Amino acid sequence: MASQLNNLAWIHFENMHNTEDTKQALIWSSKSLEYERGIGYLDTYANLLNKLGRKEEAIKIQQEAIDLSRKAGNDVTELEKTLIEMKK
């Protein structure tokens, strides 16, 4: 269920530019995090927050995704690029 919610939220992030659609995607993304606080789910949530202008929250969540990814031994390059963009 978490994966399906996250996928739907990400599709909306990439393709929808209406604030109401983005807010709905944020709800789905938030729900996915209730099921599993995974790296990709955190990244989606952070991107949606950022798209809605909630930069401070987005940066905090994106940093959490980076920390989890680094702890798992993953390459964090793309996550860090997103974080840099959020900080601009």
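Just the heavy atoms: all of them, side chains too, but no hydrogens, waters or symmetry mates, feed the values below. For clarity, every value in this text was computed on a predicted model and none was experimentally measured.
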Practice prompt. With side-chain contact (heavy atoms from CB on, under 4.5 Å) as the test, would you mind laying out the steps for Leu79 and Ile39 before giving the verdict?
Written response: CA-CA 9 Å; Leu79 293 170; Ile39 298 160; 3.8 Å; yes

Practice prompt. Could you tell me whether Arg70 and Glu80 have a side-chain N and a carboxylate O separated by less than 4.0 Å?
Written response: yes

Worksheet entry | More than 12 heavy atoms of other groups within 6.0 Å of Lys51 NZ | yes

Worksheet item: With a 4.5 Å limit on heavy-atom distance, are the side chains of Asn6 and Tyr45 in contact?
Response: no

Worksheet item: Salt bridge check: are Lys60 and Glu57 linked by an N-O gap of less than 4.0 Å?
Response: no

Worksheet item: Hey, quick one: are Trp28 and Ile61 part of the same hydrophobic cluster, counting side-chain heavy atoms closer than 4.5 Å, chains of contacts allowed?
Response: no

Discussion item. Run Gln62 and Leu42 through side-chain contact (heavy atoms from CB on, under 4.5 Å) and show every step you take.
Written reply: CA-CA 7 Å; Gln62 190 69 12; Leu42 290 164; over 6 Å; no

Discussion item. Would you say NZ of Lys87 has more than 12 non-hydrogen atoms from neighbouring residues, nucleotides or ligands within 6.0 angstrom?
Written reply: no

Worksheet, complete the sentence: Test side chain to side chain contact (heavy atoms under 4.5 Å, CB included), reference Gln24, set Leu26, Ile27, Asp21, output is Ile27

Discussion item. I want to check something: taking the side chain as every heavy atom from C-beta on, are His12 and Thr22 in contact at a cut-off of under 4.5 Å?
Written reply: no

Discussion item. How close do Ala58 and Ala46 get, counting heavy atoms only, and between which atoms?
Written reply: CB-O, 3.3 Å

Practice prompt. Determine the minimum heavy-atom distance between Glu20 and Asn18, stating which atoms define it.
Written response: N-OD1, 2.6 Å

Practice prompt. Nearest 0.5 Å please: distance from the NZ atom of Lys55 over to the NZ atom of Lys88.
Written response: 10.0 Å

Worksheet item: How about Glu14: does its CD atom have over 12 heavy atoms from other parts shown lying under 6.0 Å from it?
Response: yes

Worksheet item: What pair of heavy atoms forms the shortest contact from Leu48 to Phe13, and how long is it?
Response: CD2-CB, 3.7 Å

Discussion item. For the CG atom of Leu33 and the CG atom of Leu5, what is their distance to the nearest 0.5 Å?
Written reply: 10.0 Å

Practice prompt. Could you walk me through whether Glu64 and Arg37 pass the side-chain contact (heavy atoms from CB on, under 4.5 Å) test, one step at a time?
Written response: CA-CA 10 Å; Glu64 183 181 346; Arg37 205 150 180 92; 2.8 Å; yes

Item to complete: Identify the two heavy atoms, one from Asp75 and one from Ser69, that lie closest to each other, and give their separation to 0.1 Å.
Response: O-OG, 4.1 Å

Discussion item. Show, in sequence, the C-alpha distance, side-chain angles and deciding distance for Asn47 and Met86, and conclude whether the side-chain contact (heavy atoms from CB on, under 4.5 Å) test is met.
Written reply: CA-CA 8 Å; Asn47 275 285; Met86 288 177 179; 4.0 Å; yes

Worksheet item: Looking at side-chain heavy atoms only, is the closest gap between Tyr41 and Ser3 below 4.5 Å?
Response: yes

Item to complete: Look up atom CD1 in Ile59 and atom CD1 in Ile84, then write down how far apart they are to the nearest 0.5 Å.
Response: 11.5 Å

Item to complete: Look up atom CD1 in Ile66 and atom CG in Asp43, then write down how far apart they are to the nearest 0.5 Å.
Response: 9.0 Å

